[in-house]
Amino acid sequence: MTDRLVMVVEDDPVVQLLTRHQLARLGQSCIVVSSGEEAVARVKGNISLILMDVGLPGMDGLTATRMIREQEKQENRQSVPIIALTGHSIRDDCLRAGMNDFLQKPALLADIQRVLDTWLPTNGNPSEKQS
Ligand SMILES: [Mg+2]
């Protein structure tokens, strides 16, 4: 287990359950929120990575991502990896909004594993990855 916390932003209860289960299988703890608004509010806490749905009621995942990136800039915070997890083939839109990577639903356990391996900071310092 790890103290790194993943936030899952997903409005569909079935996908919430599946993703929570997949992360548990990988030994990764998570919190689940079901709206873009909650994601923006909650990310100020200690979140190491976000799995972001795009189709959400109210604020969608692209807008939530843009808001999170804007906050990080304004508050001079390190940017949290945001990975799209969506049923839509809109990879370019996701990357343009400021996401780091893209998974299409339904994501396999191996997909989630790859994303965690690639994007989760190994020592609590995400900038280590880029050096
Ligand atoms: Mg959705």
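One-based numbering, in listed order, for ligands and for the atoms of each.
- The closest side-chain donor-acceptor pair between D12 and Q16, if any, does not fall under 3.5 angstrom.
- Between D111 and R114 there is no salt bridge, since no side-chain N of the basic residue sits under 4.0 Å from a carboxylate O of the acidic one.
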Under the salt bridge (Lys or Arg N to Asp or Glu O under 4.0 Å) rule, what do K44 and E72 come out as? Steps first, then yes or no, please. CA-CA 9 Å; K44 293 186 180 190; E72 288 169 344; over 6 Å; no
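- No hydrogens or angles considered: a donor-acceptor pair under 3.5 Å links the side chains of D101 and W119.
- Residue contacts to the Mg ion (ligand 1): G87 brings no N, O or S atom closer than 2.8 Å.
- When the N, O or S atoms of D11 are ranked by distance to the Mg ion (ligand 1), OD1 comes first.
- Vertex the Mg ion (ligand 1); arms to G55 atom O and D53 atom OD2; angle 90° (nearest 10°).
- Residue D12 does not count as close to the Mg ion (ligand 1), with no N, O or S atom under 2.8 Å.
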